[in-house]
Q: 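Pasting in a structure now, in structure tokens, and then I'll have a few things to ask.
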Amino acid sequence: MKEMLFLYYSSLASSNLPKPSLDYSIWNNISPVLEPEEPSSRPSATIKSEPSSTPATSHSTTPTPTIIPSASRPVQAVIVRCDAERRRSPLLCATTIPTGHAVFSQSVPPIPLLIDIPLVFYRLRSQSPDRKGLNNQIITSININPTSGLAPSDWISGVGSVIVARKDKKPLLPHHLEGVWMYCDYILSFFGDRSGAPNQLYSPEAFEKWWQGYYEEQRRSRSGTGGEEDADDWRAVRSPYAS
């Protein structure tokens, strides 16, 4: 198969629901509000991908746009750590950002757009002694094309840590982001077993039905104590579609 597929397709192909394999012991601390930083390094992609209009340059990342100051109420967002930084920081971390943050000027990837959870991404400066350490599998998965199952090259390697928010500025919880990530993994399993694009999954109704099953499964096994900001506390997580 000529298309790029993730290494773990085979383990997901026989399952109706994805099983996250996360190191939850590191999800114990909530990071403070972060200000965006200037990017420093961006290795070129090493796996097959869709063509990208953004040229990759060695040891550089996407230029950091300016933040527009705002006195409005902060927006709930999530930081997703790259492989190198997750060794010393939580993988998914709740944070808040100003309403004028540059992340809100970014475009929504296809699958989040199709399921009506309009996620947008903003790269942070990330440091790693090797290029693989800048990989961010969560962000790569969410950015796949729904027709081909491929991610754009600039979202495959050298991604670094990323701030994720909702373009509509509604609160984004770590649990919601995890749900979209695992749903994209579920979608990828169809490409992995050569079933082709699962068009029946590309709607808010399909995601909401899947979310209910995933939520119940996590609620039974992950009862943290930190409330909505605790990525391991699924006791009373609201729906991503709740206003």
Q: Please find the pair of heavy atoms, one from Ala197 and one from Pro146, that lie closest to each other, and give the distance.
A: CB-O, 3.4 Å
Q: Report yes or no: is the cationic atom of Lys167 (NZ for Lys, CZ for Arg) closer than 6.0 Å to the six-membered ring centre of Phe104, at no more than 45° off its axis?
A: no
Q: Is Arg166 salt-bridged to Asp168, going by a charged N under 4.0 Å from an acidic O?
A: yes
Q: Find out whether Thr96 and Val75 are in side-chain contact, i.e. whether some heavy atom of one side chain is under 4.5 Å from a heavy atom of the other.
A: no
Q: Which atoms form the tightest heavy-atom contact between Arg238 and Ala242, and what is the distance?
A: CB-CB, 4.4 Å
Q: Between Arg219 and Tyr214, is any pair of side-chain heavy atoms under 4.5 Å apart?
A: no
Q: Measuring from atom CD1 of Ile138 to atom CG of Leu91, what distance do you get when rounded to the nearest 0.5 angstrom?
A: 4.0 Å
Q: Kindly confirm or rule out a cation-pi arrangement of Arg220 over Trp234, judged by NZ or CZ under 6.0 Å from the six-membered ring centre and within 45° of its axis?
A: no
Q: Is there a donor-acceptor pair closer than 3.5 Å between any side-chain N or O of Tyr183 and the backbone N or O of Leu201?
A: yes
Q: Are the side chains of Ile97 and Pro74 in contact, using a 4.5 Å heavy-atom criterion?
A: no
Q: Could you tell me whether the side chain of Asn136 and the main chain of Gly160 form a donor-acceptor pair under 3.5 Å?
A: yes
Q: Would you give the length of the straight line joining atom NE2 of His175 to atom OG of Ser239, rounded to the nearest 0.5 angstrom?
A: 13.5 Å
Q: Nearest 0.5 angstrom please: Arg86 CZ to Ser161 OG, how far?
A: 10.5 Å
Q: Do Pro109 and Phe121 have side chains that approach each other closer than 4.5 Å (heavy atoms only, starting at C-beta)?
A: yes
Q: Grab the two heavy atoms, one from Asp193 and one from Ser195, that are nearest each other, plus how far apart they are.
A: OD1-OG, 2.5 Å
Q: Taking the side chain as C-beta and beyond, is there a heavy-atom pair between Arg123 and Leu134 under 4.5 Å?
A: no
Q: Which pair of non-hydrogen atoms, one from Asn135 and one from Gly158, has the smallest distance, and what is that distance?
A: OD1-N, 3.7 Å
Q: With side-chain contact (heavy atoms from CB on, under 4.5 Å) as the criterion, how do Ile144 and Leu188 come out once you've worked through the C-alpha distance, each side chain's angles and the decisive distance to 0.1 Å?
A: CA-CA 9 Å; Ile144 61 169; Leu188 281 167; 3.7 Å; yes
Q: Does the pair Val120 and Val164 meet the rule for a side-chain contact (heavy atoms from CB on, under 4.5 Å), with working shown?
A: CA-CA 6 Å; Val120 283; Val164 185; over 6 Å; no
Q: Do the side chains of Leu92 and Glu178 get nearer than 4.5 Å, heavy atoms only?
A: yes
Q: Do side-chain atoms of His176 reach the backbone of Ile117 as a donor and acceptor pair under 3.5 angstrom?
A: no
Q: Dump the intermediate steps for side-chain contact (heavy atoms from CB on, under 4.5 Å) on Ile163 and Val78, then the final yes or no.
A: CA-CA 6 Å; Ile163 288 179; Val78 178; over 6 Å; no
Q: Looking only at heavy atoms, which two atoms of Ser203 and Ile115 are closest? And how far apart?
A: O-CG2, 3.8 Å
Q: Evaluate side-chain contact (heavy atoms from CB on, under 4.5 Å) for Val237 paired with Trp211, printing each intermediate quantity in order.
A: CA-CA 11 Å; Val237 177; Trp211 165 265; 4.1 Å; yes
Q: Using the side-chain contact (heavy atoms from CB on, under 4.5 Å) rule, pick out the option among Thr95, Leu173, Leu172 that qualifies with Gln76.
A: Leu173
Q: Is there side-chain contact between His101 and Tyr122, with heavy atoms separated by less than 4.5 Å?
A: yes
Q: Is any side-chain N of the basic residue among Arg222 and Glu217 closer than 4.0 Å to the acidic one's carboxylate O?
A: no
Q: Quick one: pull up CG in Asp154 and OG1 in Thr140 and give me the separation to the nearest 0.5 Å.
A: 10.0 Å
Q: Would you indicate whether the side-chain heavy atoms of Lys132 and Asp83 approach each other to under 4.5 Å?
A: no
Q: If you look at every heavy atom in Pro198 and Phe191, which pair is closest and at what distance?
A: CD-CE1, 4.0 Å
Q: Relative to each other, are the rings of Phe207 and Tyr241 parallel, tilted or perpendicular (30° and 60° limits)?
A: perpendicular
Q: Please round to the nearest 0.5 Å and tell me the distance separating atom CD of Glu85 and atom OG of Ser126.
A: 4.0 Å
Q: How many angstroms lie between atom CD of Gln137 and atom CD1 of Ile142, to the nearest 0.5 angstrom?
A: 10.5 Å
